[in-house]
Number of protein chains: 2
Amino acid sequence: MNSPRKLTHPLALAVLVLLFEKPMHPYEMAATLKQRGKEQSIKLRYGSLYTVIRQLEREGFVEATGTERAGARPERTTYRLTETGEAEMKGWLSALVSEPVKEYRQFEAALSLLPALPPKEAQALLAQRLGRLDEGQRKLQSELAGAAAINLPPLFLIETEYALALLRAERTYVKALIDGIETAELGGMKQWHQWHADRAAARGSH
Amino acid sequence: MNSPRKLTHPLALAVLVLLFEKPMHPYEMAATLKQRGKEQSIKLRYGSLYTVIRQLEREGFVEATGTERAGARPERTTYRLTETGEAEMKGWLSALVSEPVKEYRQFEAALSLLPALPPKEAQALLAQRLGRLDEGQRKLQSELAGAAAINLPPLFLIETEYALALLRAERTYVKALIDGIETAELGGMKQWHQWHADRAAARGSH
DNA sequence: CCACGTATATTCGTTACCGAATATACGTGG
DNA sequence: CCACGTATATTCGGTAACGAATATACGTGG
């Protein structure tokens with residue numbers, strides 16, 4: 001259940017799931033993921049795709065069923081899922097669903113370093129972010145609307161709904177933070193101003 | 001503002017910010033980050049620390065001020081921030097604050113592949129996650145309480161508050177998703193059950 | 001009918017990132 | 001007083017991940 005997996009790239013899990021449906025060649029996997037809009041939630045790079053497939057093969061989770069030549073296109077290798085591959089897929093996906101993993105978000109890093117910027121600047125930059133977050137929200141919503149318009153069941157959109165929920169939460173938080181800075185209700189504002197004032201003074205006197 | 005940075009690892013930004021305060025040697029940077037609890041929001045690995053410092057030096061953002069030997073400890077190299085390094089720090093941090101960046105969350109990938117698991121199992125796994133999320137929430141809250149107890153100003157805890165806000169949003173979403181599956185209010189449940197039933201049947205008939 | 005953009009399909013070289021090893025000194029309990 | 005765990009401080013080697021190159025065929029508008 002909690003075993004350290006040999007592979008870590010989520011794209012490898014996507015490959016296992018795709019091969020669980022039916023055998024495919026790598027390029028078709030990529031095309032399928034794109035067509036279903038999954039490249040929004042799973043980072044898809046051709047270099048990485050072929051890399052993870054080689055790894056999956058090395059671990060015995062997938063195997064080549066032979067190379068074909070359809071029409072006169074370049075040659076291609078089709079893969080299928082093995083028994084252990086199916087087990088790996090179920091175990092890995094189950095773990096990802098049931099166990100939250102620690103992830104390092106860039107904005108979290110930025111917040112933890114925010115005091116390095118003067119308060120006024122920080123506030124203005126956060127306001128800019130607010131606008132960009134609204135943009136992003138609109139984009140996700142129109143994506144959802146578009147999918148609903150072609151009768152795609154919500155089941156296949158849950159990852160987008162999740163992303164939207166997180167985006168909304170971030171917006172709310174950023175708004176509160178801006179207010180906290182503006183009204184100085186955020187504890188530590190004095191030290192923050194002071195530190196930058198001292199630094200400016202030190203600069204001035206040489 | 002939107003320039004492609006030479007360095008991308010957030011730890012490099014942390015180094016710039018630390019050197020903005022005062023010259024330091026690498027190990028002291030690591031110790032400082034840990035002491036301030038910033039390793040929660042910025043991934044800190046010794047291997048990466050020395051790597052990014054070499055890169056920062058190559059780009060001219062930091063420079064060695066010489067190697068010292070305090071007491072009889074191993075030799076160490078102290079670095080300081082250059083002028084361009086200070087500019088880089090301000091530009092980079094500003095960009096991170098004002099511009100949301102696309103990030104691929106593991107759970108988003110998991111949700112987009114969820115239909116590969118039978119609905120009942122998916123629901124049970126999501127319920128497990130709910131419990132783990134509550135645990136995580138309690139941990140963050142006790143961290144915040146502990147920090148408040150030693151009078152650390154909230155300004156230095158904004159990244160933790162942010163993490164907590166996202167965690168709460170995720171909890172709410174997961175709860176709603178479980179309910180949607182249980183009550184079959186989530187659109188597409190029929191196809192989901194059907195696909196797995198068909199598959200089981202196909203297996204049975206060899 | 002042919003030039004050129006796009007779709008199909010994969011390989012390769014580079015590097016960021018990290019786990020683990022290395023080396024020295026300090027502290028402390030037996 | 002010495003053995004062993006912990007703190008100080010850095011280096012090194014392996015590999016996952018990827019950007020970019022490669023190669024072929026198809027389609028289409030001029």
Side-chain angles (χ1 to χ4, degrees), chain A residues 4-15 18 23-35 39 42-59 61-62 64-79 92 101-104 106 109, chain B residues 4-15 18 23-35 39 42-59 61-62 64-79 92 101-104 106 109:
Chain A
R5 315 251 151 221
K6 289 283 177 61
L7 297 184
T8 58
H9 200 313
L11 185 55
L13 179 57
V15 167
L18 287 169
M24 282 187 211
H25 56 93
Y27 190 84
E28 187 183 359
M29 298 178 202
T32 306
L33 286 176
K34 280 181 182 169
Q35 191 244 318
E39 7 102 59
I42 300 168
K43 200 175 188 178
L44 173 59
R45 299 285 177 266
Y46 282 103
S48 306
L49 177 60
Y50 288 87
T51 299
V52 300
I53 290 176
R54 208 173 310 120
Q55 290 170 151
L56 287 168
E57 198 176 14
R58 193 216 302 146
E59 299 300 329
F61 296 143
V62 307
T65 63
T67 72
E68 293 136 52
R69 182 180 296 273
R73 303 266 170 59
E75 193 174 71
R76 61 201 191 183
T77 307
T78 302
Y79 293 88
W92 190 359
V101 299
K102 164 130 197 82
E103 280 173 322
Y104 294 85
Q106 302 236 68
Chain B
R5 314 249 151 223
K6 291 284 178 60
L7 298 184
T8 56
H9 200 315
L11 185 54
L13 179 57
V15 167
L18 286 169
M24 283 186 208
H25 55 94
Y27 190 85
E28 187 183 358
M29 297 177 203
T32 306
L33 286 175
K34 281 181 182 170
Q35 190 245 318
E39 8 102 58
I42 301 168
K43 200 173 188 180
L44 174 58
R45 299 286 176 265
Y46 282 104
S48 307
L49 178 60
Y50 287 87
T51 299
V52 300
I53 289 175
R54 209 172 310 120
Q55 291 170 148
L56 287 168
E57 197 176 13
R58 193 215 302 145
E59 299 299 329
F61 296 143
V62 308
T65 63
T67 71
E68 292 135 51
R69 182 180 295 273
R73 303 265 170 62
E75 193 175 74
R76 63 201 188 182
T77 307
T78 302
Y79 294 88
W92 189 359
V101 299
K102 163 127 197 84
E103 280 173 321
Y104 295 85
Q106 303 235 64

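Residue A:Trp92 holds its CH2 atom at 5.5 Å from CG of A:Leu7, rounded to the nearest 0.5 Å. With values rounded to the nearest 0.5 angstrom, A:Met29 atom CE is found 8.5 Å from A:Thr78 atom OG1.
A straight line from CZ of B:Arg45 to C1' of D:dA9 spans 18 Å, rounded to a whole angstrom. Taking atom NE2 on B:His9 and atom P on C:dC17, their separation rounds to 5 Å, with Å as the unit. To the nearest angstrom, P of D:dT22 lies 19 Å from OH of A:Tyr46. For B:Tyr27 and C:dA23, the OH to C1' distance is 13 Å, given to the nearest whole Å. Here C:dA16 presents its P atom at 21 Å from OH of A:Tyr104, a figure rounded to the nearest Å. The interatomic distance linking B:Glu28 (CD) with D:dT8 (C1') rounds to 12 Å, in whole Å. For the pair A:Leu33 CG and C:dA9 C1', the interatomic distance rounds to 16 Å; values are reported in whole Å. Atom NZ of B:Lys34 and atom C1' of D:dA7 are 10 Å apart (whole Å).
Among the duplex regions that DNA chain D forms, those built from at least three successive Watson-Crick or G-U pairs under 3.5 Å are C:1-30 with D:1-30, ordered by first number.
For the pair B:Lys43 and C:dC18, the criterion of a side-chain N or O lying under 4.0 Å from OP1 or OP2 is met.
Side chain of B:His25, nearest nucleotide from D:dA17, C:dC18, D:dA9: D:dA9. When each of C:dA16, C:dT10, D:dA17 is scored by its nearest atom to the side-chain atoms of B:Thr8, the top-ranked nucleotide is C:dA16.
Shortest non-hydrogen contact noted between B:Pro26 and B:Leu49 is O-CD2, 3.4 Å. Across all non-hydrogen atoms, the minimal contact from A:Tyr50 to A:Tyr27 is OH-N, 3.9 Å. Nearest heavy atoms, A:Tyr104 versus B:Arg45: OH-NH2, 4.5 Å.
A:Glu39 pairs by the side chain to side chain contact (heavy atoms under 4.5 Å, CB included) definition with A:Lys34, A:Leu44, not counting sequence neighbours.
The nearest heavy atom of DNA chain C to A:Gly47 and to B:Ser48 marks one nucleotide each, and the one closer to the 5' end goes with A:Gly47. When each of A:Arg58 and B:Tyr50 is assigned the nucleotide of DNA chain D with its nearest heavy atom, B:Tyr50 is the one assigned upstream, toward the 5' end.
When side chains are defined from C-beta on, A:Ser48 does not count as touching A:Lys43, because their heavy atoms never get closer than 4.5 Å.
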